Amino acid sequence: MTLKSPKTKPGRGISLTLSMAAFLSLTFPGVAHAGNPNPVPTSAPALSVAAHTAGQSRQTCSQVPARDRAALGGAAKTCVEFTKASPSRQKPTRPLASARSLAASSSAGAEPTGACDISKPGEWTYSRRGPLCLTGAQGRYTLYDDQGKVLGTGLIDIDTSLVLSQVSTTLKESISLKVAEVTGEVKSLNIGFAVQCTSTCTPTTRRPWYGQKTLLEGQSASGEVAYNSRVTSGAQDSFQTKYFMTVTANGATPVDPNMNWESPAELKVRCDENMGGTSTSRGCVIPVRETLEYSLSDPKHGAAAAVYQYGQALRGNAPLSRGEGLASVNRARTCETTLDPFVRRPDINPDDECDEFPFAGTVEGGTEGALCADVIPVLQNGTWVITQARADKPLTGHEPCVRANMSAEANGSAGGKLGSFWKNNRILDTEKFALAFTP
């Protein structure tokens, strides 16, 4: 694979001629090897990163100052609890600002993807490029008399959405609260809100609104906060977001935050200026494993996709790892080895090139070319068939690598897709990624 911009030649397709006596047929999905007619998987299993629970209920209680007891119906104690929403409250009470609309209001130049998943109340939902969301969580406020009897309650629906940017370390988050219900001596709730973050991160806008918001049943409050990760050049840093609420009822005196929670430690946001090469950009992701998809019907690099699918099947669909700075050495070891130099076929492709797999730009690339399967991808009746390229080098179905006769256009286009995938998802040196193939 060549990591460069594809060279396009209008009107020219990939013309392949079968001139070898032996070949292996590939019918996707599934690879049939000589002597082994049973198909084997040809794409990595889908990686699911559905959600993380918001955690167990946490309750904090405090005594009511004497000056506030009358306003609270004689209450002696208040308790607040951060918890998952009840089954009857399955959806956010108001739509959170979408990733794209938040980015439009930001000068950070964010390139957001996706939206919050509202089907998992009380859980953190996420993807590598964001957003990181908590929807359907709930705060419960309870008044007790001096005998422990409940005098009144208030329920607060909580929704947050942190938009990530792959081109900036300045991030925005939408905060939305709604008083879903009040009972007994609780007539209204006064709510203050603030955020913090860990490590080198600093909140540049800590509060979604100024002071306390007094909300009756059914009323909402919303706003935005912002963070900046002060990651240094060539480095990376990870942080969690933290949330603090101050909740009182009926105009009682606000006290220190009495409800707090934080994003899961497993879902730390990673910001970096460490993409390698000539890149000096900064950006942020949640570093879960991402999948690079190639289409077998892509008009420019479908042939290359077929070869990679074949090669992945030989490898048992194991993930690959980006290898910054390894491409030239790895490609030379695989394609230009003196033990078994790659045989170019200008009769098949006038601009025939060696397309290697695993990719030269990965840690797994660079296998000695003499050990590789030499193949030619052929499109037959809409199906890619992987054929043996050399009569003197039979295919065994156990080779650790593949070398394919490929047009410069297909090779360059497929390499460009890989490079864009690394850049757009901020795949760092040695970081693993998966491959998948679509029709």
Side-chain angles (χ1 to χ4, degrees), residues 54-55 57-62 68 78-85 89 92-98 101-102 105-106 116 118 121-124 131-142 153-163 170-182 186-198 201-228 239-264 267 269:
S57 299
R58 299 188 296 275
Q59 188 178 70
T60 301
C61 298
S62 60
D68 288 334
T78 64
C79 293
V80 291
E81 182 180 19
F82 177 73
T83 184
K84 187 174 179 176
R89 301 181 184 278
T93 56
R94 64 174 291 276
L96 286 172
S98 70
S101 65
L102 264 182
S105 66
S106 169
C116 294
I118 64 175
E123 296 182 345
W124 293 88
L132 173 63
C133 304
L134 176 63
T135 58
Q138 203 165 69
R140 180 184 294 272
Y141 177 89
T142 307
T153 62
L155 293 177
I156 307 165
D157 290 341
I158 303 168
D159 301 309
T160 67
S161 174
L162 176 64
V163 175
T170 297
L171 310 176
K172 285 194 173 185
E173 184 169 29
S174 171
I175 309 295
S176 177
L177 307 177
K178 179 180 179 179
V179 175
E181 180 182 86
V182 293
V186 177
K187 309 302 180 184
S188 65
L189 292 177
N190 315 311
I191 305 173
F193 200 100
V195 299
Q196 186 56 270
C197 52
T198 62
C201 171
T202 300
T204 55
T205 304
R206 286 201 65 204
R207 302 180 185 277
W209 54 80
Y210 180 76
Q212 304 282 310
K213 287 275 191 179
T214 300
L215 303 176
L216 301 172
E217 183 177 274
Q219 292 185 328
S220 302
S222 61
E224 292 181 5
V225 295
Y227 310 88
N228 182 50
F239 67 88
Q240 290 172 263
T241 48
K242 297 188 174 186
Y243 307 86
F244 304 89
M245 282 176 58
T246 301
V247 184
T248 60
N250 306 349
T253 306
V255 293
D256 291 335
N258 50 8
M259 187 184 302
N260 64 83
W261 66 96
E262 60 190 28
S263 61
L267 299 181
V269 176

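Everything quoted here is computed from the prediction, not taken from an experiment. These values consider heavy atoms only, across backbone and side chains, with no hydrogens, waters or symmetry-generated copies.
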| task | Considering non-hydrogen atoms only, spot the tightest contact between Q138 and L155 and give its length. | result | OE1-CD2, 3.9 Å

| query | side-chain contact (heavy atoms from CB on, under 4.5 Å) between T78 and S62: does it pass, once the steps are laid out? | reply | CA-CA 6 Å; T78 64; S62 60; 3.5 Å; yes

| query | At their closest point, which heavy atom of P257 faces which heavy atom of F244, and how far apart are they? | reply | CB-CB, 3.9 Å

| What do the steps show when you test I191 against Y141 for side-chain contact (heavy atoms from CB on, under 4.5 Å), and what is the final call? | CA-CA 11 Å; I191 305 173; Y141 177 89; over 6 Å; no

| said: Give me the atom names and distance for the closest heavy-atom approach of L189 to A249. | reply: CD2-CB, 4.1 Å

| Should the ring pair W261 and F82 be called parallel, tilted or perpendicular, given that the plane angle runs from 0 to 90° and is split at 30 and 60? | parallel

| request: Mind checking the OG1-CG spacing from T214 to N190? Nearest 0.5 Å is all I need. | output: 4.0 Å

| query | Minimum heavy-atom separation for S188 to L216, with atom names? | reply | CB-CD2, 3.7 Å

| field | Result of checking V269, T205, L162 against Y227 for side chain to side chain contact (heavy atoms under 4.5 Å, CB included) | value | L162

| query | Looking only at heavy atoms, what is the nearest atom pair of T202 and C197, with distance? | reply | N-SG, 3.4 Å

| Is the shortest heavy-atom distance from the side chain of T198 to the side chain of K242 under 4.5 Å? | yes

| note | Rounded to the nearest 0.5 Å, the CZ atom of F193 sits from the CZ atom of R206 at a distance of 10.5 Å

| request: Not counting sequence neighbours, list each pair that qualifies as a salt bridge (Lys or Arg N to Asp or Glu O under 4.0 Å) and has a residue in residues 213-223. | output: none

| said: Please determine whether side chain to side chain donor-acceptor pair (under 3.5 Å) holds for the pair S263 and T241, giving the CA-CA distance in whole Å, both sets of side-chain angles, and the decisive distance to 0.1 Å. | reply: CA-CA 6 Å; S263 61; T241 48; 3.3 Å; yes

| request: Measure the CD1-NZ distance between I156 and K178 for me, rounded to the nearest 0.5 Å. | output: 13.0 Å

| message | Let's go through W124 and T160 carefully: what are the C-alpha distance in whole Å and the side-chain angles of both, what is the deciding distance for side-chain contact (heavy atoms from CB on, under 4.5 Å) to 0.1 Å, and is it a yes or a no? | response | CA-CA 9 Å; W124 293 88; T160 67; 4.3 Å; yes

| said: Please determine whether side-chain contact (heavy atoms from CB on, under 4.5 Å) holds for the pair M259 and T60, giving the CA-CA distance in whole Å, both sets of side-chain angles, and the decisive distance to 0.1 Å. | reply: CA-CA 7 Å; M259 187 184 302; T60 301; over 6 Å; no

| Side chain to side chain, V247 and N258, heavy atoms closer than 4.5 Å | yes

| What distance separates E173 CD from S161 OG, expressed to the nearest 0.5 Å? | 7.0 Å

| query | From E262 CD over to Q196 CD, what is the distance, rounded to the nearest 0.5 angstrom? | reply | 11.5 Å

| query | Would you say N228's side chain and L171's backbone share a donor-acceptor pair under 3.5 angstrom? | reply | no

| Would you say the side-chain atoms of D68 pair up with the backbone N or O of A252, donor to acceptor, closer than 3.5 Å? | no

| said: Any non-hydrogen side-chain atom of N250 less than 4.5 Å from a side-chain atom of K187? | reply: yes

| query | Just wondering, do M245 and I158 contact through their side chains at under 4.5 Å, heavy atoms? | reply | yes

| field | Between CD on residue Q240 and SG on residue C201, distance to nearest 0.5 Å | value | 11.0 Å

